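The structure appears right after this line, and notes come after that.
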Amino acid sequence: MPELPEVETIRRELVSYIVGRTVRRATVLDPKLTLGLPVQEFEFRLIGQRVEGVDRRGKYLLVRLSDRVLVLHLMMSGRVHLRPADAIQPHTRLVLDFDRDPALHFVDVRRFGRAWALDESDLPAVIGNLGPEPLGDAFDWRTLRDAFSDRQVAVKSALLDQRTVAGVGNIYADEALFSARIHPEAPVDRISTYKLKALAKAVVKALESGIANHGTSFSTFETSRGTPGGHQDHLQVFRRTGQPCPRCARPIRRIVIAQRSTHYCSFCQRRPRGA
DNA sequence: CATTGGACCTGACCGC
DNA sequence: TGCGGTCAGGTCCAAT
């Protein structure tokens, strides 16, 4: 589920539900979650801490505590649920109990998700390599120009690289490239300034649209309150292989770039000449 | 250096 | 029903 719009949707819900609460108990049910930090130490670092706020950096969720920060990355299948402390589900990996319900449950079928309990000063070690926030002032077409210079990688790969811009994943990369009419295999150093400007705007538009629809959910529920997002009904190309392009009605194609499914219209998104 | 391919996990779905 | 293959919203790390 989780790209920037989905994580942002969760963040906004957490802000209204857990800010001001104090952690009474932390329970790690899957030691893999803490990446080698002993479970007891992880839990100890959270207990007694008050939630001061909830931030987001790219696809990372940052739960600001009195003098620590809990960082969550949902990877492919992670979910955050707000439910009673004792309502443990099959794939629950972490539960934070507060002074009253609901508790925060981190549920993750595939077990790729991670959690860190850090001092603020250790945050850069986890999120220090991220590119600019696409919805912040630091991002515009020059960001892409600088990241793309002297490189030949496919633009789709470059957008998925979190050092380029933080938070874009497979769905919103495909959607943005469609909006900007850029072929996903276009080598980044051959994209015109005109197209780069279109792409920067398309990235912002795609992400903002996702947020406005509370994220994209394909099969299971998604937001922390268990309601599905609605953006899947607004996707133009992603997972629409064979269906008509919204612009020209020719069938959407699916190819694989960097081992990721990629969806595009071969008529509207022309390969640069000579590439 | 930059880039690529495999690894990490589990479950759903499809064709035989 | 069972089996094997494919696919899934992400990232890291070794090999090239």
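Below, chains carry the letters A, B, ... as their sequence lines are ordered, and counting in each starts from 1. Owing to the predicted nature of the structure, the values given are computational and were not obtained by experimental measurement.
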> More 5' along DNA chain B: A:Val153 or A:Gln259, using each one's nearest nucleotide?
Replying inline: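 Residue closer to the 5' terminus by nearest nucleotide: A:Val153.
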> A:Phe238 near the nucleic acid: base, sugar-phosphate alone, or nothing, with a heavy-atom cut-off under 4.0 Å?
Replying inline: sugar-phosphate
> So what does A:Ser157 touch, heavy atoms closer than 4.0 Å: a base, only the sugar-phosphate, or nothing?
Replying inline: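 Counting heavy atoms under 4.0 Å across all strands, no contact is made by A:Ser157.
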> With side chains defined as the heavy atoms from C-beta onward, is the minimum distance between A:Leu62 and A:Arg57 less than 4.5 Å?
Replying inline: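 A:Leu62 vs A:Arg57: side chains touch.
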> If you find the nucleotide of DNA chain C closest to A:Arg110 and the one closest to A:Val126, which residue's nucleotide is nearer the 5' end?
Replying inline: A:Arg110
Under 3.5 Å, is there a donor-acceptor pair between the [X] and [Y] side chains?
X        : Y        : answer
A:Glu6   : A:Tyr172 : yes
A:Thr241 : A:Arg253 : no
A:Asp108 : A:His91  : no
A:Gln162 : A:Asn129 : no

> Does a distance-only test, which skips hydrogens and angles, find a donor-acceptor pair under 3.5 Å between the side chain of A:Glu3 and the base of C:dG10?
Replying inline: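 Under the 3.5 Å cut-off, the side chain and the base do not form any donor-acceptor pair.
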>> Quiz question: going by heavy-atom distance under 3.5 Å, is there a donor-acceptor pair between the base of B:dA2 and the side chain of A:Arg151?
In response: no
Whole-Å distance between [N] [atom2] and [X] [atom1]?
X        : N      : atom1 : atom2 : value
A:Ile127 : C:dG10 : CD1   : C1'   : 17 Å
A:Leu35  : C:dC13 : CG    : P     : 10 Å
A:Leu130 : C:dG10 : CG    : P     : 14 Å

Think [X] has a side-chain N or O under 4.0 angstrom from the OP1 or OP2 of [N]?
X        : N      : result
A:His91  : B:dT10 : no
A:Lys32  : B:dC8  : no
A:Gln162 : C:dT11 : yes

> When Watson-Crick pairs (N1 to N3 and N6-O4 or O6-N4) and G-U wobble pairs (N1-O2 and O6-N3) count only below 3.5 Å on both distances, what is the dot-bracket string of DNA chain C, with | for other-strand pairs?
Replying inline: .|||||||.|||||||
Could you tell me whether [X] sits above the aromatic face of [Y], with NZ or CZ closer than 6.0 angstrom to the six-membered ring centre and within 45 degrees of the axis?
X        : Y        : value
A:Arg93  : A:Phe106 : no
A:Arg247 : A:Phe178 : yes
A:Arg24  : A:Phe98  : no
A:Arg114 : A:Phe112 : no

> Hey, is the main chain of A:Ser209 close enough, under 3.5 Å, to the side chain of A:Asn213 for a donor-acceptor pair?
Replying inline: yes
> If we take the P atom in both C:dC7 and B:dG5, what is their distance in whole Å?
Replying inline: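 Between the two P atoms, the distance is 16 Å.
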>> Say we look at C:dT11 and B:dG11: how far apart would their P atoms be, to the nearest angstrom?
In response: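 These two P atoms come out 22 Å apart once rounded.
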>> Using a strict heavy-atom distance below 4.0 Å, which residues from residues 111-120 of chain A are in contact with DNA chain C?
In response: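 The answer is A:Phe112, A:Arg114.
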> Of all the nucleotides listed (C:dG10, B:dT10, C:dC7), which has the minimum atom distance to the side chain of A:Arg254?
Replying inline: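 Output: C:dC7.
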